[in-house]
2 protein chains.
Amino acid sequence: MKFEPVTIKDIGKALGLSTSTVSRALRGSYEISSETKKLVLEYAEKINYRPNPIALSLKERRNHSIGIIVCEIANNFFSQAINGIESIAYNRGYHVIFSQSHESYERESVIVDHLASRSVDGLLVSVSSETKDYTHFKQLYDKGLPIVFFDRIANEINTHKVIADNFKGAYDATEHLIQNGFKRIAHITSAPYLSISEERLEGYKEALRKNNIEFDDKLVQYCHHGGMIYDEVEEALKKIFKLKQKADALFTAGDRITTTCMQALQKLEKKIPDDIAVIGFTNTNLGELFNPPLSVVRQPAFEIGQVATELLISMIESKRPVTEFESKVLQTELIIRDSTAKIKTK
Amino acid sequence: MKFEPVTIKDIGKALGLSTSTVSRALRGSYEISSETKKLVLEYAEKINYRPNPIALSLKERRNHSIGIIVCEIANNFFSQAINGIESIAYNRGYHVIFSQSHESYERESVIVDHLASRSVDGLLVSVSSETKDYTHFKQLYDKGLPIVFFDRIANEINTHKVIADNFKGAYDATEHLIQNGFKRIAHITSAPYLSISEERLEGYKEALRKNNIEFDDKLVQYCHHGGMIYDEVEEALKKIFKLKQKADALFTAGDRITTTCMQALQKLEKKIPDDIAVIGFTNTNLGELFNPPLSVVRQPAFEIGQVATELLISMIESKRPVTEFESKVLQTELIIRDSTAKIKTK
DNA sequence: ATCGTTATCGGGAACGTTTGCGTAAAAATA
DNA sequence: TATTTTTACGCAAACGTTCCCGATAACGAT
C-alpha cells in the first residue's frame, strides 16, 4: 500500500507559483503578498497539505525524536518512567522511539547502533544487566550523540545521569527491618556490576554497619536476569532458606525481583512476615492488596523519566557542546506495611 | 550539540571516487571492480560509516517505523501488548514510535495527525475511551495509511482488527460467578461506546440470560476514564453498595478498573468474597498474591500485539491495495482463585 | 530620463541517497 | 587492425524542503 501525499510542488503547480514562494507563504514570510499567502494557505488547507517531516529532518539534520532503551517495558518501574518520558517529549515536540534489550548486551549493542545511526536526536538509556562494557555507547557519545542515562547508569561515561537515591532507599529499608527487630537480613539483587545493585548493596551494608550487625555474604544472592527468570529467583531463595543461621528478613532490590520473590515465597509456602519479613524495591501500586500488604521502597519513576528527558532535550538543543553534567538523585519513598511487621515477642 | 556524521560523499572525496561508485560499492553492485569495492568497504568500516536513514526514507518514501497509540503505557495489558509489538517489529526491521492519548479524544487526534503525516509507515491503535468519532483515522486511512486496530477497535473502519474474545471472556466470568452461587452480579466497566465495553457487557448479559437471571441496569456502572480516576471508581462502587437489593458479586471489565476496584474495596473495608465476590479482566500477574487471590480473565496481550503487528506490516509491505481484512479474535483465559469462592452455605 | 528602493517572486543549490543513462578504456572478437 | 563487447566508473536527476541570490516591476527621488 502506498500513500500519495501532496507536496509543496503540487501546490505550486496548481497555483502557478514556484515552490519557494509556496514554502515562504506557508511559513508566513514577510516577502510574500498577503493575497498570495491567502491563496496558498487556503489551497493548502483545502487539500490538507502536511509538510513532509522526513524532508525537513534531512534538511535540518534533526529528527525531533528521541530513543529509549530499557530492558523491558512490561515492568512497573520502566513503564512509569516511559510515561514520564513521553509526557515531556510530547510537550517539547519530540517523538519517542523505544526498544527493549531484554537484558542482553548483544541486543543492546545492535539497538544502540541501529537507533543511533542518526535516526534519533538523542538517547535515553538504562543499561542491560549483562552490560559491563560501555564502548558501544562511548563511541556514539564521543561523536556527538547526546545520551542521558537513567536508573542503571554507566558511571564511566561523562554525561547527565538521573537516578533514585538507591543507597538511601536501601539503607532506609534495611534500617527499618533492623528497627523492627530483624537481624539476619537476606538481600536478593540483580547482576552485581549494575550500578543500581552496587548502590543498593552499599546502602544495605551501611545500615548493617551502623547497627553493628555483621555483614554475611552468604545472605546476598544475585539474580543475573533481574528476576525475569522465575527459577533463578526460586533458587536464590532456596539457598537462603538452607542456611544454618536462618534469615529472618529479606530485602529485595528491583521491581521484578521483588514481585517474583513474592510469587516464589508463596509457592514455597513461606509465611510473611512470620517465616520471613519482606521489603523490596518495586513500583507496583498493588502492594497494598497483597497478603500481607507489602512494604516497599518506591522510586519516583515518572519523575526520573521526566528529568532525564528534560536534560536530554537541553543537550540536544544546546548550541555549544555541553561540558557541565548533572547527576540528579531523586528521593525514594519508604512505604511500610504488614510484610515487615515487628517480630512477635513470644 | 551536533553530530558530524560521515557521508557517502566524504568517502568519495577521500578515495577520489564519485558518490555513485561509493554507493554501488557499498551495496555490492556487480558493476564495481572488486578492488574498488574492497577499498570502499574497508574505508567505510574504518571510519565507521552508517547510511543516513533519513535520506533513505526520503528516497524510498518509507520510514521503517510504525506508530502505536494507546491510552497509557503504565498499564499491564498495554505494556504487555507493546512488548509483543516490539518483538515483531524488531525482527522485521521496524522502529516503534509510541504515544499516549491519556483517554483524551482531543489528544488522540493531535497525535494521529502528528504521527501520521508520513513520519510513520503504519499505525497500531487502541482508541481512547472518549473517542466516538473516527474521522481522524478514516481520513488518513482513506489516503492510504495502513492502520490496524487492536483491543479497542473502530468497527466502522474496514481494516484488520485484533481483539481478545471479550464476549466469551465476560460470559465465562459471569457464568463462573453464577455457578458458584452468586445471583446479583454487578458490572463495572469503561465508557459505554468503547467496543470492549459493549462486547463484555453483551457477554455478561448473555450469561445472565442463559441462567435465567434478570438483567438489572442498576447493577451496571460506567467509569468513563477507564479506572484511571480513583474517585470515579469508588463512586461507582458506592452506588452499587447502596442498592436495596444487594449485589453479591462484581465483574469488572478492564485492567485498570479491576485493580482500582480492588483498592477501593479495600478502602471501603469490604471483605472478598464474603461481602462481595470479585472477578475482573486484568493482565497483572500479581493477582495470585492478593488477599484473597484474585480470580481473573486474562487477555493474551502479548500475542494480540504480535498478531496486530504482523497484520500491519503485511499491509505496509503489500504491493497491491489490501481489500480482504481479518478480524482476529484471540481467546481469553479464566483463572479461578479465592476471590470468587463459593458462597458458604450458612 | 536615470537611479535607488521596495515589494514580490523564481531559480537553484543543498541535505544524503539511489539509480538510469552515458562513456571511456580495456578486452574480446572479427 | 578494426570493430564490437565488456568492464568500471561518473553525471545528474530525484525524493520534499528551505533559503540564499537574483530578477523583475512599480515607484518615487534626483
Side-chain angles (χ1 to χ4, degrees), chain A residues 2-41 43-44 47-65 93 116-121 143-144, chain B residues 2-41 43-44 47-65 93 116-121 143-144:
Chain A
K2 66 171 158 231
F3 219 170
E4 232 10 282
V6 27
T7 77
I8 222 169
K9 278 187 195 169
D10 301 330
I11 301 183
K13 211 171 296 170
L15 265 38
L17 293 170
S18 78
T19 59
S20 26
T21 304
V22 176
S23 170
R24 270 182 277 249
L26 256 15
R27 329 229 120 244
S29 162
Y30 68 97
E31 36 178 299
I32 301 295
S33 72
S34 43
E35 304 107 80
T36 311
K37 262 187 213 169
K38 191 161 159 253
L39 191 68
V40 172
L41 257 1
Y43 186 73
I47 62 174
N48 197 28
Y49 165 80
R50 302 286 137 161
N52 183 329
I54 300 177
L56 283 180
S57 297
L58 184 59
K59 200 139 218 321
E60 297 174 2
R61 294 136 151 272
R62 301 256 323 260
N63 223 348
H64 283 277
S65 68
S117 57
R118 288 155 317 187
S119 72
V120 118
D121 296 331
K143 273 200 179 176
Chain B
K2 68 171 157 234
F3 218 171
E4 232 9 285
V6 27
T7 78
I8 221 170
K9 278 187 196 169
D10 300 330
I11 301 183
K13 212 170 294 171
L15 263 39
L17 293 170
S18 77
T19 58
S20 33
T21 305
V22 177
S23 170
R24 272 182 272 250
L26 255 16
R27 330 226 119 244
S29 163
Y30 67 96
E31 38 178 301
I32 300 295
S33 73
S34 44
E35 304 106 81
T36 312
K37 263 186 212 168
K38 193 163 157 249
L39 191 68
V40 171
L41 257 0
Y43 186 73
I47 63 173
N48 196 29
Y49 165 79
R50 302 287 138 161
N52 182 329
I54 300 178
L56 283 181
S57 298
L58 185 58
K59 203 144 215 318
E60 297 174 2
R61 296 139 148 271
R62 302 256 322 263
N63 222 347
H64 282 276
S65 67
S117 55
R118 290 156 315 188
S119 72
V120 118
D121 296 331
K143 273 201 180 177

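Residue numbers begin at 1 in each chain, while the letters A, B, ... track the order of the sequences. Not measured: the values here are computed from a predicted model.
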In whole angstroms, how far is the [atom2] atom of [N] from the [atom1] atom of [X]?
| X | N | atom1 | atom2 | value |
| --- | --- | --- | --- | --- |
| Lys13(A) | dC9(C) | NZ | C1' | 19 Å |
| Lys38(A) | dT8(C) | NZ | P | 15 Å |
| Asn52(B) | dA14(C) | CG | P | 17 Å |
| Ile54(A) | dC15(D) | CD1 | P | 14 Å |
| Ile11(A) | dG10(C) | CD1 | P | 13 Å |
| Lys59(B) | dA13(D) | NZ | P | 13 Å |
| Asn63(B) | dC15(D) | CG | P | 18 Å |
| Glu60(B) | dA14(D) | CD | C1' | 13 Å |

Atom pairs under 3.5 Å: protein N/O with N/O of nucleotides 7-11 of chain D:
residue : atom : partner  : partner atom : Å
dC9(D)  : OP1  : Thr36(B) : OG1          : 2.6
dC9(D)  : OP2  : Ser33(B) : N            : 2.9
dC9(D)  : OP2  : Ser33(B) : OG           : 3.1
dC9(D)  : OP2  : Thr36(B) : OG1          : 3.0
dC9(D)  : N4   : Glu31(B) : OE1          : 2.5
dG10(D) : OP1  : Ser18(B) : N            : 3.2
dG10(D) : OP2  : Ser18(B) : N            : 2.9
dG10(D) : OP2  : Ser18(B) : OG           : 2.8
dG10(D) : OP2  : Thr21(B) : OG1          : 2.0
dG10(D) : O6   : Arg24(B) : NH2          : 2.8
dC11(D) : N4   : Ser20(B) : OG           : 2.7
dC11(D) : N4   : Arg24(B) : NH2          : 3.4

I need the [X] [atom1] to [Y] [atom2] distance, nearest 0.5 Å.
| X | Y | atom1 | atom2 | value |
| --- | --- | --- | --- | --- |
| Asn63(B) | Leu58(B) | CG | CG | 10.5 Å |
| Ile32(B) | Glu35(B) | CD1 | CD | 11.0 Å |
| Leu39(B) | Ile11(B) | CG | CD1 | 10.5 Å |

Item to complete: Would you mind reporting whether Tyr49(B) and Ile8(B) have side-chain heavy atoms less than 4.5 Å apart?
Response: yes
Discussion item. Counting only side-chain nitrogens and oxygens, does Arg61(B) get under 4.0 Å of the OP1 or OP2 atom of dA14(D)?
Written reply: no
Worksheet entry | Any Lys9(A) side-chain nitrogen or oxygen under 4.0 Å from OP1 or OP2 of dC15(D) | yes
Listed pairs under 3.5 Å, donor-acceptor, residues 15-27 of chain B side chains, sequence neighbours left out:
residue  : atom : partner  : partner atom : Å
Ser18(B) : OG   : Ser20(B) : N            : 3.4
Ser18(B) : OG   : Ser20(B) : OG           : 3.0
Ser18(B) : OG   : Thr21(B) : N            : 3.2
Ser18(B) : OG   : Thr21(B) : OG1          : 3.0

Worksheet item: With Thr36(B), which residues qualify under side chain to side chain donor-acceptor pair (under 3.5 Å), at least two apart?
Response: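 Side chain to side chain donor-acceptor pair (under 3.5 Å) list for Thr36(B), sorted by chain: Ser33(B).
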Worksheet entry | Bend angle of the helix from dA1(C)-dT30(D) to dA30(C)-dT1(D), from helix axes over five pairs at each end, nearest 10° |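 Overall, the helix from dA1(C)-dT30(D) to dA30(C)-dT1(D) bends by 80° from one end axis to the other.
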Response to the item:
Residues Ser65(B) and Ser119(B): closest non-hydrogen pair is OG-O, 3.4 Å
Worksheet item: Which listed nucleotide (dT18(D), dT17(C), dG16(D)) is nearest to the side chain of Ala55(B)?
Response: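 So the side chain of Ala55(B) is nearest to dT17(C).
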Practice prompt. Please answer whether the main-chain N or O of His64(A) pairs with a side-chain N or O of Asp121(A) as donor and acceptor at a distance below 3.5 Å.
Written response: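 Checking the backbone N and O of His64(A) against the side chain of Asp121(A), a donor-acceptor pair under 3.5 Å is found.
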Worksheet item: Is a donor on one side and an acceptor on the other found under 3.5 Å between the side chain of Asn52(B) and the backbone of Ile54(B)?
Response: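 Present.
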